[in-house]
Amino acid sequence: MKVNSSNNFNIDKIRKDFPILSRKVNGKPLVYLDNGATSQTPTQVIDVIVDYYSNYNANIHRGVHTLSQEATDKYEEARHKIQKHFNAKHAHEIIMTSGTTESINLVAHGFGSLLTKGDEIIVSALEHHSNIVPWQMLCEKTGATLIVIPMNDAGELVMGEYNNLLSENTKLVFVNHISNALGTINPIEEIIEKAHQVGAAVLVDGAQACPHVKPDVQALDVDFYVASAHKMCGPTGVGMLYGKEAWLNKLPPYQGGGEMIADVTFEKTTYADLPHKFEAGTPNICGGIAFGAAIDYLNGIGFESIAAYEHELLEYATKKLLEIEGLKIYGTSKNKTSVISFNLEGIHPYDVGTILDKLGIAVRTGHHCAQPIMAYFKIPGTIRASFAFYNTKEEVDVLVEGVKKAKMMLT
Ligand code: 7TS
């Protein structure tokens, strides 16, 4: 049995937790390297989903009956797990959402009533579209201006420029923790500290970071932090927004409806306390509970072990891929996670992705919802292999052979 150098990391045992990893695609063993898009789900989480629908499926926060109470208890237990995982001060600072995109839109909507003409929002050149478009919409609505921290050829933010962009007009800084397209880990500690010096709030998008690291929102002193369960071995359609209590109290509700009210008359409605003020309607109850189970699962493996193992995979894959002539990697920061975006000279990424799929290898090709990054490099897109802790060096070898084959077929 192989035991990795990282403590207690038993890759054979871990892979057995993921039933999907033993399926075949196009007659070949699946090599799943599209974890940046969505992660796979372990039996421990699948069992929780089956248990919910088999035993206590009911609406929450409203029934006196046993099933509703059981579902409510489990759902709130999941919120507490998320609170503990991110080290939020209060459970009511965790808002359950449908995912990162909704979390960002919730905050952007809230700032609609706080910003005016002349205010500035800073985003980074490394953002996913879901981190650009809501702020553009907010600027259109409020007259605020969107300003961008530039990047360099390694795919790193130019921090000197960031310092120059900050001013008393800066009201909000928005940056992802880790870039989905390049894997760059951004210096969020410094970004948060500098933004606070001019009185701006900071929202960090942790969608790509949370599968790899365990953020401590109090130590970071971040104002908002967002993530999606489906990139953390949980189900799709559920995610979280952490917000400092004071900020969440300041922002208006995002959606009106059931569950988010204290009192309703036709003349006036008063809103429920946190977190319910932001949780209108029936949520993804099963998803929320499964999100808690996914967090338990990841912590059971341990983030230090995950990071150490994934770093080995990254180094191994980078070295092997660079041996292929004409292969260029985009995103070469020393500070990056297990994502490799690359192209073969003169070959469209889509064509490579199609051949890899025939070989059972799942990668993402295209602009990765980060068109400004592709524009910077003047390319239509990349082939992106994004590794998780359940991938292996043998799978990297299959990828490398697949890329060689694709190159041969396409040149
Ligand atoms: N922010 C980042 C940094 C992301 O990578 C993604 C999804 C999102 C936000 C949106 O997350 P959602 O769960 O609300 O959809 N990124 C990707 C990707 O890289 N490939 O597919 C989805």
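Whatever order the structure lists them in is the order used to number ligands and atoms, beginning at 1.
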- Message: Could you tell me if Ser333 and Thr184 have a donor-acceptor pair between their side chains, going purely by distance under 3.5 Å?
- Response: no
- Message: Assess, by modelled atom type and distance only, whether the side chains of Thr72 and Gln69 contain a donor and an acceptor separated by less than 3.5 Å.
- Response: no
- Message: For a 4.5 angstrom cut-off between non-hydrogen side-chain atoms, does Leu138 reach Trp135?
- Response: yes
- Task: Say whether Cys369 and ligand 1 are in contact under the criterion: heavy-atom distance to a ligand atom below 4.0 Å.
- Result: no
- Query: Among the heavy atoms of Lys231, does any lie under 4.0 Å from an atom of ligand 1?
  - Reply: yes
- Task: With heavy atoms under 4.0 Å as the rule, classify the contact between Ala37 and ligand 1 as side chain, backbone, both or neither.
- Result: both
- Message: Out of all atoms in ligand 1, which are within 4.0 Å of some heavy atom of Ser130? Include the element for each.
- Response: 1 (N), 8 (C), 9 (C), 10 (C)
- Message: Under a 4.0 angstrom heavy-atom cut-off, which atoms of ligand 1 come close to Ala207?
- Response: 1 (N), 2 (C), 4 (C), 9 (C)
- Query: Under 4.0 angstrom from ligand 1, any heavy atom of Arg384?
  - Reply: yes
- Message: Within the structure, is a non-hydrogen atom of Gln208 found at a distance of less than 4.0 Å from ligand 1?
- Response: yes
- Ring centroid separation for Tyr242 and Phe86, is it under 6.0 angstrom? no
- Message: Determine whether the aromatic ring centres of residues Tyr75 and Tyr56 are separated by less than 6.0 angstrom.
- Response: no
- For the pair Tyr225 and His177, name the ring-plane relationship: parallel under 30°, tilted 30 to 60°, perpendicular over 60°. perpendicular
- Assess His230 for proximity to ligand 1: is some non-hydrogen atom of it under 4.0 Å away? yes
- Query: Does the N or O separation between His368 and ligand 1 drop below 3.5 Å for any pair?
  - Reply: no
- Message: For Phe174, is there any backbone N or O sitting under 3.5 Å from a side-chain donor or acceptor partner on Asp205?
- Response: no
- Item | Among Thr100, Val238, Val226, closest by any non-hydrogen atom to atom 11 (O) of ligand 1 | Thr100
- Query: Is the gap between the ring centers of His85 and Phe303 under 6.0 Å?
  - Reply: yes
- What's the shortest distance from atom 20 (N) of ligand 1 to any protein heavy atom, and which residue and atom give it? Arg364 NH1, 2.5 Å
- Query: In terms of residue, atom name and distance, what is the protein heavy atom nearest to atom 4 (C) of ligand 1?
  - Reply: His128 CD2, 3.5 Å
- Tell me yes or no: between the side chains of Tyr390 and Asn35, is some donor less than 3.5 Å from an acceptor? yes
- Message: Tell me the protein heavy atom at minimum distance from atom 15 (O) of ligand 1, and give that distance in Å.
- Response: Thr101 OG1, 3.8 Å
- Please identify which atoms of ligand 1 are closer than 4.0 Å to at least one heavy atom of Ser228. 11 (O), 12 (P), 13 (O), 14 (O)
- Message: Under a 3.5 Å threshold, yes or no: a donor from one side chain and an acceptor from the other, between Asn391 and Tyr32?
- Response: no
- Determine, considering heavy atoms only, which of Leu126, Asp205, Ile104, Ile178 sits nearest to atom 1 (N) of ligand 1. Asp205
- Message: Give the atom numbers and elements of ligand 1 that come within less than 4.0 Å of a heavy atom of Asn180.
- Response: 5 (O), 18 (C), 19 (O)
